Amino acid sequence: MARYGMVIDLNRCYGCYACAMACKVANRTPPGVFWARVLRGEMGTFPNSVRQALPVLCNQCEEPDCMKVCPTGATYKTDDGIVRVDKDKCIGCAYCVMGCPYGARYKVDDWNSYFPEGLPLSPYEEHTKEFWEQKSGLGVSTKCDFCIDRRAEGKEPACVQACSAKARVFGDLDDPDSEISYLIKTKRGFVLRPEVGTEPKVYYLPPR
Amino acid sequence: MALTNTSKVKEDVWISTCCGQCYCMCGIKVRRQDGVVTEVEGNPDAPTGRGKICVKGLASPQLLYDPYRVNYPLKRTNPQKGIGVDPKFVRISWEEAMDTIVKKMKACQEKDPRGVYFQATTTQASEIRYGVTGFMKAFGTPNYWVSGGGLHCGNGAHFMNGIMHVAWSIIPDFAHCNLPLNFGCSKGHGAGHVAVQNATQAADSRARGSRTITFDPMQSAQASKAYEWVPIRVGTDGAMALGLVNVLLNDLGVWDDEYLKYKTNGPYLIRPSDGRYMRDKETNKPMVWDLVDNCPKVHNDPSVTRVQYEEEAHDVALFGEYDVDGVKCRPGFELLKEHVKKYTPEYVSEITFVPASTIRRIGKEIADNVEIGATVIIETDEGPKKIPKRPIAAHFFRGSQGHVNSGWTCLSIDMINHMVGAADTWGGALGLGAAVGAGYKPTGKPYQIPYPDEDGLLMCKAWVYDHIPYPLRKPKPPTRLDLHDMFPTSIYNAFTIMNPKWFEMLEQFKIPYRPDIMINFGSNSVMTMGNAEIVTENFLKKFNFIFSFQLYITEFEEAVADIILPDTCFLERYTPAVSFPSTFSHPTGEDDWGWTIRQPVIEPMYERRDFNVVMMEICKRLGILHKYYKALNDVTVIRYGGAMSDEYKLCEDGSQEHTWEEVVDRMLKDRFGPEHGLEHVRKKGVFTWPKRKEDVYWKWFNPSRVPVYFEYFIDSGEQITELCKQMDPEKKYINLDWSVFKPLADWYPCPTHTEKNPEFDMHAFYWRAVTQTNSMTQQNPYLDEMSQEDTIVFGIQMHSKTAAEKGIKEGDLVWVENPEGKKIKGWVTLSEGIEPSHLAFAAILGHWGEYMPVAKGKGAFFNDLVMMDEPHTDPLTLNQDICCRVKIYKD
Ligand code: SF4
Ligand code: SF4
Ligand code: SF4
């Protein structure tokens, strides 16, 4: 069985937001929901300051805190290591939203249009609303699932496919010959906040 | 299919077409599920994009279905016009709209068709270069402008890159360049032409270990990804570049002898009396000094020319004084070398705020990396060929060219490349969208191979505008409403049409007609050009009737449009030729050529109608349809590389009508053969053919040279001075400094650099945010939300220390005011990533229109600070100055 993970090369990434947008469109996420997100930070002082983009998503942790705190067993891990939510079991307590050290979970109580109120929903938003309600659900916890449906169609996760910098690589961490295993080994791969101990499976390569 | 309830889905298809969210023209695949467009992805078959697209293209379903789109023709019922006036639009039928429009157009046609002014958006560049140009020719008006485009983005850059590279822009050969020098240019970092693929190439280049140095007043995407960010004062890139040229030539003694001798006019002999070429008495050709035969030779004498690298030629002089027909002449290169001596690192440092030691060091880095003398072998149609390898490249675009010193700044930056032979060869600066391509072999189209003129200088076959970049037009008494014909270099200008005394000016310059009808295609010129009040009052309100093809009711329609026609967006229409001309939208480097088509993914909704189809209908009703077809045939020949065969020409005698779909089909069959019509290309969305390596690295395969001494500018300067003297002897209306038409580059200051009032202590400029660039993005709620993820997009970026000195805090509401008293409001975002005396604004934000609620009230409207008068105009290119000196204070 594969153990899926991702590598994000911060040297290649130029902070273009295509990954976040592709995720939004592929998963029809409503306003405020970013299963994939690009954070920005500034460090140091002029003229030696650094502006850095940091794309983030659920780390599909080996030891997920979100799963530990889930009282109903709605959060579970698939055989290939993807952390998912069973929306029918989820009671919407949002312990996992608080429990995730990476802020990767989103609970949406009411579906909102992207447009100010007043006009009827567009055919596209009717579609996204229905899609969201059926697949992810309202009043329950939602999160990135490494684009499980796209992968079932033989495609890469949307954020990976969209990245024009080829900064994102998806693959099997257990396969020593996979591109991501190679990159992590040879290019000083690291994870975010290793100290919280959830054993993330999204790795980063240093900016330079 | 991802919907859990799959039984509801009757249809699920992906359609290949071309993105139109901006002018990059990426190939896309669009998913349609049960009649609704739901997803957009890159099309891996299309050489433009190669399967990748940007954040804007991905977000386009929200554009297609935006409930605030214009869906029906609208008519203004309030005769009053202006900013803040309620237009009182009411819905009308297409019939009424067309009747009104055609009646007005007919009257204008009879009176003087030149009264029609076409205004268009750069976003739909493909429509402009084909349909718009065709209509203007057929109707008989020369008046148009691409509001904001050109004067904000490329009047200087396209002009200079055209002269030096037959290209729209320049870009490092990312695949092999080791030292890209980026002068504040977002190419490769999410904006600009070929945005997506340049980003891929730039990322590959970083991964390979190239060391980019970026000069930029702020830590932009390109600066934050660079190996080194050099904070520089806005508008001084030209001085920086001349400083580097000086360090190379005069401190380090580094230049590429072979390149300068055989690929530039550097060895052309210049006579001291008037700075002109010394010409051969018999042939009138410029001459070089043959050091082997020790005599003058005409520039293209076979003994002194080297087309391909491995050819041999006599050595020619770059230095010294030579007697030709009794006149003591010197090579132009030597004059250049002496000329740049004044740009010492210390002098340049004062102008740019960059330490002199940094300038020296970077000059040394260029010298250390350029590998003059190194070669590589490339595989060409004629077998393996040796060409120079020069892995450094200086490039630039809007940021460095949007100034009063636009033209010479562009040229000065590119001079770095030409001094060391790093132009259109392996590893160097390549023309982006260069008009160089031998075409699809079986048909030989589209064919665009440049060639030398009589003086040996580079000329192009196909170009975006009616006038090619070289040779310069001869200034003529004007016929256009912006007096365009008088000016040898520009595409259009603002200082004439924005003049409060525009009509008096037209009188003075003997223009016998006045503006009558404006046709607007997709532009929001109230916001895209400069101060909104000036644009509206001085220019737009001078038209008697304005009709507009538009997606939204923008500030433009609100202020001045009489009729709005609901246009289709790019997902609802055909476009016959998306690349403008055929090579322009292509990435550089070794990939195939492609001709991407745009086809509708869904039928136009509501009463939206395709601009192209409506224009055809207008032509028909005006009785000029056959002329329109003829004009389109002519445009195809000029812009899309080669004559049309009779079989596929659009009917010119009035006996036949074509659907727009048929126009696409004929274009494809004519360019690529009868078997490659629309039905064939539809499936993949693109027709591709191999690119020759000698079309990528064309420098040492082409017999032309490029100027390093701009001898012909002297003539142009004299001609324009003379013409102005004749037509406006008292300089009542035109008082630009034509002395900048001279053979050698200089940096001269913008008003920003000479402001005396100490109150105005900050430099303000705007930059291109990847979510809000080259398009009408701000009403798209996906892009709006994404923009809020980056605090510097909607905020006014200010250095923390400067802000503290002024008692300004993060999030403060402030006024920013220019010396002319124009002011704008916005919120401050503090940052360390900006030169402390600067304020940075992302894009042109701050919509106030009632009908774009997502865009309304977000960010600051920088353009309101932009003055469009003579002091803010580059005399050389008529480019607009878009930096300004300002003061900032709390609300
Ligand atoms: S798409 Fe790629 S380059 Fe763009 S922000 Fe995401 S990871 Fe970075
Ligand atoms: S990142 Fe958060 S949501 Fe994702 S698996 Fe880890 S703990 Fe759970
Ligand atoms: S770069 Fe332009 S053409 Fe390409 S995907 Fe983005 S918006 Fe579309």
Side-chain angles (χ1 to χ4, degrees), chain A residues 9 11-18 20-22 24-28 31-32 34 37-40 42-53 113-116 118-128 130-131 134-135 148-150 152-153 158 161-167 207-208, chain B residues 1-5 33-42 51-55 58-59 61-62 64-68 188-190 196-197 199-200 202-204 206-207 219 221 223-225 227 229 231 770-771 781-783 785-786 789-791 799-801 831-836 853-854:
Chain A
D9 183 342
N11 182 31
R12 283 181 169 274
C13 171
Y14 64 108
C16 75
Y17 297 99
M21 187 62 79
K24 176 152 287 298
V25 175
N27 296 297
R28 281 59 158 183
F34 292 97
R37 185 166 213 165
V38 182
L39 305 176
R40 299 241 168 215
E42 217 180 70
M43 292 149 277
T45 51
F46 178 86
N48 301 311
S49 54
V50 177
R51 256 175 82 73
Q52 181 65 50
S113 164
Y114 262 97
F115 290 94
L119 298 176
L121 282 192
S122 72
Y124 173 66
E125 286 209 312
E126 272 174 20
H127 164 89
T128 56
E130 188 184 330
F131 188 106
Q134 287 185 18
K135 190 194 164 194
I148 210 154
D149 300 312
R150 285 177 56 96
E153 291 173 16
Q161 201 282 330
C163 179
S164 57
K166 297 186 279 180
R208 200 174 274 169
Chain B
M1 176 52 232
L3 268 185
T4 15
N5 184 357
Q33 293 175 282
D34 209 11
V36 179
V37 168
T38 59
E39 285 183 66
V40 182
E41 263 182 28
K52 303 295 179 187
I53 57 169
C54 82
V55 65
L58 290 164
Q62 291 282 36
L64 175 61
Y65 293 110
D66 186 334
Y68 290 87
H189 301 83
V196 170
Q197 240 155 337
T200 309
D204 285 345
R206 282 195 296 281
Q219 199 160 35
S224 55
K225 294 313 294 178
Y227 196 84
W229 168 40
V770 63
T771 46
Y782 278 174
L783 292 169
E785 183 186 44
M786 211 55 87
E789 294 282 281
D790 188 353
T791 53
H799 193 274
S800 334
K801 215 176 80 208
S831 167
E832 289 292 319
I834 183 163
E835 204 286 333
V854 176

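By convention in this document, chain letters (A, B, ...) are assigned in the order of the sequence lines, proteins followed by strands, and residues within each chain are numbered from 1. These numbers come from the heavy atoms of this one structure, side chains and all, not from hydrogens, waters or symmetry mates. Just so it is clear, the structure is predicted and the values come from calculations on it, not from any experiment.
With hydrogens and angles ignored, the 3.5 Å screen pairs no side-chain donor or acceptor of A/Lys24 with any backbone N or O of B/Met786. Listed for the A/Arg40 side chain is no donor-acceptor partner under 3.5 Å among the backbone atoms of B/Asp790. Counting only distance, with no hydrogens or angles, the side chain of B/Glu832 and the backbone of A/Pro47 share no donor-acceptor pair below 3.5 Å. In this structure, B/Lys52 contributes its side chain and A/Gln161 its backbone to a donor-acceptor pair below 3.5 Å. With B/Thr200 contributing its side chain and A/Ser164 its backbone, the two residues share a donor-acceptor pair below 3.5 Å.
Ranked by non-hydrogen atom pairs under 4.5 Å with chain B, the options A/Gln52, A/Glu125, A/Glu126 are led by A/Glu125. With chain B as the partner, the residue from A/Cys163, A/Gly15, A/Pro120 showing the most heavy-atom pairs under 4.5 Å is A/Cys163. Of the listed residues B/Leu64, B/Asp66, B/Leu783, the one with more heavy-atom pairs under 4.5 angstrom with chain A than any other is B/Asp66. Counting heavy-atom pairs under 4.5 Å between each of B/Cys54, B/Gly35, B/Ala221, B/Ala203 and chain A puts B/Ala203 at the top. With respect to chain B, the highest number of heavy-atom pairs below 4.5 Å among A/Gly44, A/Gly118, A/Ala165, A/Pro123 belongs to A/Pro123. Counting heavy-atom pairs closer than 4.5 Å to chain B, the top-ranked of the candidates A/Ser122, A/Ala167, A/Ser49 is A/Ser49. Chosen from B/Pro853, B/Gly188, B/Pro836, the residue pairing most often with chain A at heavy-atom distances under 4.5 Å is B/Pro836. In terms of heavy-atom pairs under 4.5 Å with chain A, the best-connected choice from B/Ala207, B/Ala223, B/Pro231, B/Pro67 is B/Pro67.
With a 4.5 Å cut-off on non-hydrogen atoms, B/Gln197 does not touch chain A at all. Using a 4.5 Å cut-off between heavy atoms, B/Val36 contacts chain A through its side chain alone, with no backbone atom that close. In this structure, the portions of A/Arg12 lying under 4.5 Å from any heavy atom of chain B include both its backbone and its side chain.
The NE2 atom of B/His799 lies 7.5 Å from the OG1 atom of A/Thr45; values are rounded to the nearest 0.5 Å. With rounding to the nearest 0.5 angstrom, the CD atom of B/Glu39 is 8.5 Å from the CG atom of A/Asn27. Rounded to the nearest 0.5 angstrom, B/Ser224 OG and A/Glu42 CD are separated by 10.0 Å. Here A/Phe46 contributes atom CZ and B/Ser831 contributes atom OG; the two are 10.0 Å apart, rounded to the nearest 0.5 Å. Put simply, CD on B/Glu789 and CE on A/Met21 are 10.0 Å apart, with the number rounded to the nearest 0.5 Å. Once rounded to the nearest 0.5 Å, the distance linking OG1 of B/Thr38 with OH of A/Tyr124 reads 7.5 Å.
The aromatic rings of A/Phe115 and B/Tyr68 sit tilted, their planes meeting at an angle between 30° and 60°.
A/Cys16 places none of its side-chain heavy atoms less than 4.5 Å from the side chain of B/Val55. Side-chain contact between B/Arg206 and A/Arg208 is absent, with no heavy-atom pair separated by less than 4.5 Å.
With 3.5 Å as the limit, one finds a donor-acceptor pair spanning the side chains of A/Tyr114 and B/Glu785.
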